[in-house]
Q: 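The structure is given below, and queries will be raised subsequently.
To find a chain, count down the sequence lines: A is the first, B the second, and so on, and within it residues start at 1.
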Amino acid sequence: MGKVRVELPGGKSVEVDRGALVREVAARAGIDGDIVAAKLDGAAVDLSRAIERDCALEWIRLDSEDGIDILRHSTAHLMAQAVQSLYPGTQVTIGPTIEHGFYYDFKRDKPFSPEELEKIEARMHEIAGKDLKVTREEMPRSAAIDIFRRMGEDYKVEILKDIPEETVSLYRQGDWVDLCRGPHVPSTGVIKAFKLTGVAGAYWRGDEKNEMLQRIYGTSWPTESALKDYLKLLEEAKNRDHRRLGKELDLFSFHPVAPASPFFHPKGAAVYNGLITYMRRLYARYGYQEVITPQIFDVELWHRSGHYDHFRDSMYFSRIEDREFGVKPMNCPGHTYIYASKKRSYRDLPLRYADFGRLHRYEKSGVTAGLTRVRSFSQDDAHIFCAPDQIEAEMTTLLKMLREVYRTFEFNEMQVKLSTRPEKYLGSLDVWAHAEDALAQSLKREGIEYKLNPGDGAFYGPKIDFEVFDALRRGWQLATIQLDFQMPERFGLMYVAPDGAEHRPVMIHRALLGSIERFMGILIEHCAGAFPLWLAPVQVKILTVTDAQKDYARGVHEELIAAGWRAELDERNEKLGYKIREAQLEKVPYALVIGDREVKESTVAPRRRGGENLKAAPVKEFMEMLRTEVAQATHERPA
RNA sequence: GCUGGCGUAGCUCAACGGCAGAGCAGCUGAUUUGUAAUCAGCAGGUUGUAGGUUCAAAUCCUAUCGCCAGCUCCA
């Protein structure tokens with residue numbers, strides 16, 4: 001029996017017999033029991049893996065990122081074992097880990113009920129308690145196919161047929177076996193802190209045309225306390241849910257008479273308009289011109305733009321005087337008519353048309369959600385018409401503008417995706433290649449990291465999407481920048497170049513907030529309903545201590561209103577503590593307490609949302625402070 | 001659209017085949033109050049909607065609308 005040399009973390013190395021197990025090396029190195037696997041020359045392996053050659057080993061601890069991932073994967077297996085022991089005849093398919101947990105898809109005629117979920121969870125604890133050894137075995141793919149075919153696991157057979165490798169690995173725990181690459185925890189006893197969190201239907205291989213499987217979601221953690229912390233986090237996320245806050249803060253509501261279409265109450269409308277006002281100020285600085293375009297167009301336009309072919313199923317139509325009209329789902333075709341309303345010179349370009357027009361898109365009933373996915377909305381939409389050689393400069397400015405906006409709202413975590421040519425597309429291949437390259441180059445030049453999303457572009461051009469996350473960590477696309485060589489062609493747009501000849505302009509579709517509705521929903525969750533001063537629906541609430549200060553308080557209120565602040569006066573006959581509490585729950589940035597002292601000294605006593613009491617000061621001084629705060633937050637000079 | 005779950009007072013929830021109830025909010029009155037809830041009284045409902053089963057339905061069944069989670073989709 002030969003020897004092999006194993007390098008260990010920290011520069012140490014040991015010599016062991018060829019064929020020694022990773023676990024044994026760990027024991028010799030004096031590593032305690034909380035490692036679940038190891039990396040052998042960088043590849044994750046089980047503790048039971050035999051070492052056959054010189055190599056380097058790193059330990060994977062249970063509480064490390066890799067360790068937790070292995071734990072969750074093993075928990076998915078444990079669940080599948082529990083399910084199959086409780087419900088024979090249920091087939092297994094796939095069971096990957098996801099952020100915070102795992103799922104496993106089963107083929108079973110009957111869906112799992114919540115009660116069955118409890119039973120499964122109980123059985124899982126039972127099996128984990130037996131501390132079954134988890135073992136790996138390798139075999140030729142054909143042998144594995146035989147095994148699963150005999151077991152009646154049709155889906156596993158199908159998966160195996162698609163695996164390119166000739167050797168596959170199986171994992172056993174007790175009498176249960178699954179096809180898996182691994183690695184896994186050494187025994188089921190390691191799995192202690194888990195919870196099944198939900199059931200849902202899911203299509204086999206994610207395709208709507210395939211049959212539906214029964215998916216069970218779960219979460220799993222190294223310790224009970226980590227699990228508890230996670231469940232508490234979920235609970236807190238619920239309190240941030242914009243649908244809940246929208247109701248509590250009286251921002252908006254929904255009604256079955258208009259499904260998936262928000263009613264913005266006065267306070268919600270104040271925020272909504274605040275967002276638009278903010279964008280308008282930016283437009284002034286960045287050279288945009290606002291336009292207003294029709295709501296309903298002859299379908300001829302939608303045929304010409306290509307939207308009819310691609311999206312007629314999600315458009316609203318109306319027939320009047322034997323003419324067919326379509327409600328606009330996008331502003332862009334409308335803008336081409338303004339462009340084409342006169343002869344354009346290269347001197348006019350770039351032309352930047354902004355439009356807050358209301359759009360309607362029929363979204364399938366199962367996909368709508370609060371403000372984040374609605375059927376009626378508007379965007380901070382704009383279309384830039386420019387010469388091809390202006391694309392680069394426009395992209396640079398756009399990315400700068402985008403950064404300014406997202407810094408203002410303190411969205412620091414964002415995922416950028418470059419989406420390329422889809423299966424259904426318009427135009428020629430080399431135009432697409434050129435456009436995709438232009439976008440990639442501009443991202444690289446700005447040093448923005450991005451993920452490639454092949455085949456996910458719009459039908460008329462590639463796009464860059466900017467995704468941010470809601471309270472439950474679900475990603476939502478807000479900003480988007482799209483290059484379009486098709487629309488100008490379809491609508492015959494031209495400009496006269498210095499050479500005197502007519503050339504075709506390029507169109508850049510872009511929205512920074514994206515849908516105002518969606519942006520507002522995400523923003524509510526981001527700030528937990530505590531809007532920055534400049535956006536808060538009520539910026540200042542004036543609270544009287546007793547009736548004796550009513551007259552003075554009304555004067556203060558009027559002064560604030562006259563200066564343009566959104567202020568409310570609470571002169572009710574209630575105790576100050578009660579009024580403070582209400583102002584706090586309404587998340588009003590500033591409460592102004594007015595008692596006899598303030599009246600006598602002609603001041604107001606500001607209290608910041610959150611509890612900080614500021615020194616009493618004259619109203620004028622207080623307003624000066626507000627102005628400074630707004631200017632700083634919106635990166636503008638004080639008015 | 002698909003799978004599952006849920007719809008009771010403005011809100012949060014109880015009653016789970018046998019008289020629809022509580023807290024908060026609302027209204028009225030008392031209290032005149034200094035930094036997160038003063039007290040008392042009153043009012044509030046075709047239990048989402050439409051059918052059905054039953055002596056009797058919020059409760060069981062069917063359909064439908066809406067909401068929630070997930071899947072698919074997202075110009």
Q: Using a cut-off of 4.0 Å on non-hydrogen atoms, how would the nucleic acid contact of A:Gly206 be classed: base, sugar-phosphate, or nothing?
A: sugar-phosphate
Q: Nearest to the side chain of A:Tyr578 - B:A36, B:G70, B:A25?
A: B:A25
Q: Roughly how far apart, to the nearest Å, are B:G26 and B:C11 at atom P?
A: 15 Å
Q: Sticking with atom P, work out how far B:U47 lies from B:G18, rounded to a whole angstrom.
A: 16 Å
Q: Measuring from the side chain of A:Asp596 (C-beta onward, heavy atoms only), which nucleotide among B:G34, B:G5, B:G26 has the closest atom?
A: B:G34
Q: So what does A:Gly577 touch, heavy atoms closer than 4.0 Å: a base, only the sugar-phosphate, or nothing?
A: sugar-phosphate
Q: Does B:U54 have a Watson-Crick or wobble partner in any strand here, with both distances under 3.5 angstrom, and which is it?
A: none
Q: Work out how far the C1' atom of B:U53 is from that of B:U62, and round it to whole angstrom.
A: 11 Å
Q: Compute the centroid of each ring, for A:Tyr339 and then for A:Phe491, and state whether the two points are separated by less than 6.0 Å.
A: no
Q: If you measure from the C1' atom in B:A20 to the same atom in B:U59, how many Å do you get, rounded?
A: 11 Å
Q: Do A:Ser376 and A:Arg358 meet the criterion of a side-chain donor-acceptor pair at a distance under 3.5 Å?
A: yes
Q: Name the orientation class of the two ring planes belonging to A:His509 and A:His383 (parallel below 30°, tilted from 30 to 60°, perpendicular beyond 60°).
A: perpendicular
Q: Could you please name the option among B:A36, B:U35, B:A75 that lies closest to any side-chain atom of A:Asn613?
A: B:U35
Q: Tell me what A:Tyr217 touches on the nucleic acid: a base, only sugar-phosphate, or nothing, going by heavy atoms under 4.0 Å.
A: sugar-phosphate
Q: Where the side chain of A:Val367 is concerned, which of B:U35, B:C71, B:U38 is the nearest nucleotide?
A: B:C71
Q: Rounding to a whole Å, what distance do you find between A:Leu213:CG and B:G4:P?
A: 13 Å
Q: Checking all strands, does A:Gly457 fall into the base, sugar-phosphate, or nothing category for heavy-atom contacts under 4.0 angstrom?
A: nothing
Q: Expressed as a whole number of angstroms, how long is the span from A:Tyr460:OH to B:C74:P?
A: 13 Å
Q: For A:Arg474 and for A:Pro256, locate the closest nucleotide of RNA chain B by heavy-atom distance; then report the residue assigned to the nucleotide nearer the 5' terminus.
A: A:Pro256
Q: In whole Å, measure the gap between the C1' atoms of B:G4 and B:C42 for me.
A: 44 Å
Q: Students often get this wrong, so: under 4.0 angstrom with heavy atoms, is A:Lys209 touching a base, only sugar-phosphate, or nothing?
A: nothing
Q: Relative to the 5' end of RNA chain B, which residue comes earlier, A:Tyr362 or A:Arg373, by the nucleotide with the nearest heavy atom?
A: A:Tyr362
Q: Given atom CD of A:Glu208 and atom C1' of B:C74, what is their separation to the nearest angstrom?
A: 12 Å
Q: With the criterion set at under 5.5 Å between ring centres and under 30 degrees between planes, would B:A75 be stacked on A:Phe311?
A: yes
Q: Considering only the P atoms, how many Å lie between B:C24 and B:C16, rounded to the nearest integer?
A: 24 Å
Q: Take atom NZ in A:Lys107; do more than 12 heavy atoms of anything else shown fall under 6.0 Å from it?
A: yes
Q: Counting only Watson-Crick or G-U wobble pairs whose two distances fall under 3.5 Å, which nucleotide matches B:C6?
A: B:G66
Q: Quick one: A:Arg312 CZ to B:C73 C1', roughly how many Å, whole number?
A: 16 Å
Q: Give none if B:U12 has no partner; otherwise give the nucleotide forming a Watson-Crick or G-U wobble pair with it, both distances under 3.5 Å.
A: B:A22
Q: With both distances under 3.5 angstrom, what nucleotide forms a Watson-Crick or G-U wobble pair with B:U59?
A: none
Q: Got a donor-acceptor pair under 3.5 Å from the side chain of A:Glu598 to the base of B:G34?
A: yes
Q: Without decimals, in angstroms, what is the distance between A:Asp465 CG and B:A75 P?
A: 8 Å
Q: Contact class for A:Gln482 (heavy atom, under 4.0 Å): base, sugar-phosphate, or nothing?
A: sugar-phosphate
Q: Please tell me which of the listed nucleotides, B:U72, B:G34, B:A75, lies nearest to the side chain of A:Ser314?
A: B:A75
Q: So which nucleotide from B:A36, B:A75, B:C71 ends up closest to the side chain of A:Arg215?
A: B:C71
Q: Considering only atom C1', compute the distance from B:U12 to B:U54 and round it to an integer number of Å.
A: 33 Å
Q: Can you check the A:Asp109 CG to B:U3 P distance for me, whole Å?
A: 14 Å
Q: Can you tell which of B:U72, B:U35, B:C11 lies closest to the side chain of A:Lys247?
A: B:C11
Q: Side chain of A:Pro329, heavy atoms from C-beta onward: which of B:U35, B:U38, B:A75 has the nearest atom to it?
A: B:A75
Q: Round to the nearest Å and state the distance from A:Lys600 atom NZ to B:G34 atom P.
A: 17 Å
Q: Compare the minimum distances between each of B:U3, B:A75, B:C68 and the side chain of A:Arg243, then state the nucleotide with the smallest one.
A: B:C68
Q: Is it the case that the side chains of A:Lys579 and A:Thr544 hold a donor-acceptor pair, with the cut-off being a distance below 3.5 Å and no angle test?
A: yes
Q: Mind checking whether A:Phe459 and A:His310 have parallel, tilted or perpendicular rings, split at 30° and 60°?
A: parallel
Q: State which of B:U72, B:A75, B:U35 makes the closest approach to the side chain of A:His307.
A: B:A75
Q: Parallel, tilted or perpendicular: which fits the ring planes of A:Tyr104 and A:Phe106, with parallel below 30° and perpendicular above 60°?
A: parallel
Q: Do we get A:Arg215 above A:Tyr103's six-membered ring, with its NZ or CZ under 6.0 Å from the centre and within 45° of the axis?
A: yes
Q: With heavy atoms under 4.0 Å as the rule, sort A:Ala260 into base, sugar-phosphate or nothing.
A: sugar-phosphate
Q: Indicate, with a heavy-atom threshold strictly under 4.0 Å, whether A:Gln477 touches base, sugar-phosphate, or nothing.
A: nothing
Q: Applying the Watson-Crick and G-U wobble criteria at under 3.5 Å, what pairs with B:A40? Answer none if nothing qualifies.
A: B:U28
Q: Pick the C1' atom in B:A58 and in B:U3, then give their distance to the nearest Å.
A: 27 Å
Q: For B:U72, does either OP1 or OP2 sit under 4.0 Å from a side-chain N or O belonging to A:Lys364?
A: no
Q: In whole angstroms, how far is the P atom of B:A75 from the OH atom of A:Tyr425?
A: 18 Å
Q: Look at A:Glu525 together with A:Arg474 and state whether they make a salt bridge at an N to O cut-off of under 4.0 Å.
A: no
